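Below: one structure, written as structure tokens.
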Amino acid sequence: MSILVFSHPASLRHRPPAGHPERPERFEAMMTALAGHEVALRPAPEATDDDLRPCHPQAYLDRLARAAPAAEAIALDPDTWLSPGTLEAARRSAGAALAAVDAVMTGQVRRALVAARPPGHHALASRPMGFCLFGNVALAARRVIDRHGAERVAIVDFDVHHGNGTEALVESDPRILFCSTHQWPFWPGTGEASHEGPHGTVVNVPLPAGTEGPAFRAAVAERILPRLRAHRPDLVLISAGFDAHRADPLGGLALETEDFRWITREIAAIAQDHAQGRVVSCVEGGYDLAALRDGVGVHLAALGET
């Protein structure tokens, strides 16, 4: 199956200071991963203010626009930086997620991948956080419901860090199921198993440091896959973080590349049964370049199997 990949070279123009883990070379690793796979590349559009307002108030968008530097990068918080090219990159990263949803929901393809940076799953409504400016996956979930009339959407986030921004942006909507595996205790300090959201549509699966593939797979099979099936989503969104790999310098989990293939296959199989096969995946974390490249590669391969 051909996968539609939304990307844009503007991702290279988001430039935090030297030594920052969310560096332009991550985008190059994603692009290298596409080689040998049956993909169709499409340029990511730049999200407009109208596109972003379902999750982010205009005052926040205006504040970012005023802060955009002309020369040197500036820190929005200790982790999140704004360089002269950052806002375009972030708007195209969000725009890619929205365009991917539009393509899948209008029947152009059944599977799409967003290969762009910066990531988005830590961004809050009015606050950048953890390398992220806009809630790409949360925006995509809203788009599926608001524009395409979906009754139910599911999000699966397997980044090593809890997707606190996505959770905060979607948990008030009972039509959106949010499921996350993540290291615990760990930054950003959210994602307790006891937190289920106001409608019981949040499934957090915290994992201790050092968790290896067999325990990860067992936890997903027990806690997430049954909830995903029961939700019967019209589309599944994935926050695909490859920083749960044992080689990642920021994380403390011990997954192997094949574990990313396994979880992708499981999600895709459920989408095949309940969502007409429709899956949109957005790359989030992954800071060891080889592990990121290999993870994106097996993720793509698994998405293309059914």
Side-chain angles (χ1 to χ4, degrees), residues 54-56 94 97 101 119-130 132 134-146 150-208 211 215-241 243-244 251 253 255 263-264 266-268 270-271 274-275 278-282 284-285:
C55 289
H56 301 288
V101 161
H121 72 151
H122 297 306
L124 299 169
S126 297
R127 177 186 168 193
M129 186 176 181
C132 305
F134 304 127
N136 303 334
V137 168
L139 286 161
R142 288 251 49 93
R143 180 81 146 225
V144 178
I145 291 169
D146 296 342
E151 295 182 2
R152 292 173 301 278
V153 181
I155 300 167
V156 180
D157 185 328
F158 54 76
D159 193 275
V160 76
H161 304 99
H162 178 242
N164 63 302
T166 305
E167 180 185 275
L169 291 169
V170 306
E171 68 177 352
S172 63
D173 191 329
R175 297 168 293 183
I176 303 174
L177 176 71
F178 174 74
C179 305
S180 174
T181 60
H182 47 272
Q183 184 177 333
W184 174 266
F186 201 42
W187 189 92
T190 54
E192 301 94 331
S194 59
H195 181 73
E196 298 179 348
H199 304 287
T201 51
V202 171
V203 183
N204 281 319
V205 182
L207 303 168
T211 295
F216 166 77
R217 296 187 190 199
V220 170
E222 178 182 347
R223 296 284 315 282
I224 289 179
L225 299 183
R227 291 294 302 275
L228 196 55
R229 290 190 192 95
H231 192 64
R232 301 179 64 85
D234 297 309
L235 177 138
V236 181
L237 291 157
I238 301 175
S239 275
D243 44 6
L253 298 182
L255 302 191
I263 191 171
T264 306
E266 295 295 319
I267 295 168
I270 293 173
H274 299 295
R278 296 183 293 213
V279 179
V280 171
S281 180
C282 298
E284 300 280 3

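Because the structure is a prediction, the values reported are computed rather than measured.
- Checking each of Asn164, Val137, Ile155, Asp159 against His121 for a side chain to side chain contact (heavy atoms under 4.5 Å, CB included) leaves exactly one that passes, namely Asp159.
- Qualifying side-chain hydrogen bond (donor to acceptor under 3.5 Å, both in side chains) partners for Asn204, counting only residues two or more places apart in sequence or in other chains: His162, Glu167.
- When all heavy atoms are compared, the tightest approach of Leu139 to Ala94 is CD1-CB, 4.2 Å.
- Qualifying salt bridge (Lys or Arg N to Asp or Glu O under 4.0 Å) partners for Arg278, counting only residues two or more places apart in sequence or in other chains: none.
- Annotation: ring pair (Phe, Tyr, Trp, His ring centres under 6.0 Å) contacts of Phe216 (sequence neighbours excluded): none.
- Listed here is the closest heavy atom pair of Ala150 and Val153: CB-CG2, 4.3 Å.
- Ile267 CD1 to Ile238 CD1: the interatomic distance, rounded to the nearest 0.5 Å, is 4.0 Å.
- Among residues two or more places apart in sequence or in another chain, the side-chain contact (heavy atoms from CB on, under 4.5 Å) test is passed with Ala215 by Thr211.
- Rounding to the nearest 0.5 Å places SG of Cys55 at 4.5 Å from CG of Leu169.
- Of all heavy-atom pairs between Ala168 and Leu124, the closest is CB-CD2, 4.0 Å.
- Residue pairs meeting the salt bridge (Lys or Arg N to Asp or Glu O under 4.0 Å) criterion with at least one member in residues 217-230, sequence neighbours excluded: Arg217-Asp259.
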Would you give me the side-chain donor-acceptor pairs under 3.5 Å for residues 193-203, sequence neighbours excluded?
{"unit_1": "His195", "atom_1": "NE2", "unit_2": "Glu171", "atom_2": "OE1", "d": "2.7"}
{"unit_1": "His199", "atom_1": "NE2", "unit_2": "Ser172", "atom_2": "O", "d": "3.0"}

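- Sequence neighbours left out, the pairs with a member in residues 177-186 that pass side chain to side chain donor-acceptor pair (under 3.5 Å) are Ser180-His182.
- Closest heavy-atom contact between Ala97 and Ala140: O-CB, 4.1 Å.
- With sequence neighbours left out, the side-chain contact (heavy atoms from CB on, under 4.5 Å) criterion links Ala275 to Ala271.
- In terms of the side-chain contact (heavy atoms from CB on, under 4.5 Å) criterion, residue partners of Arg175 (sequence neighbours excluded) are, by chain and number, Arg142, Ile145, Asp173.
- Atom-to-atom distance recorded for Leu228:CG and Glu266:CD is 10.5 Å, nearest 0.5 angstrom.
- The shortest side-chain heavy-atom distance between Val101 and Leu237 falls under the 4.5 Å cut-off.
- In this structure Arg152 satisfies the side-chain hydrogen bond (donor to acceptor under 3.5 Å, both in side chains) test with no other residue, sequence neighbours excluded.
- For His274, the side-chain hydrogen bond (donor to acceptor under 3.5 Å, both in side chains) test picks out Arg232, with sequence neighbours left out.
- Contact between Phe134 and His56 at its shortest, heavy atoms only, is CA-NE2, 3.5 Å.
- Here the closest non-hydrogen pair linking Gly163 and Phe178 is O-CZ, 3.6 Å.
- In this structure, Asp234 has no side-chain hydrogen bond (donor to acceptor under 3.5 Å, both in side chains) partners at least two apart in sequence or on a different chain.
- Using a 30° and 60° split on the angle between ring planes, His122 and His161 fall in the perpendicular class, above 60°.
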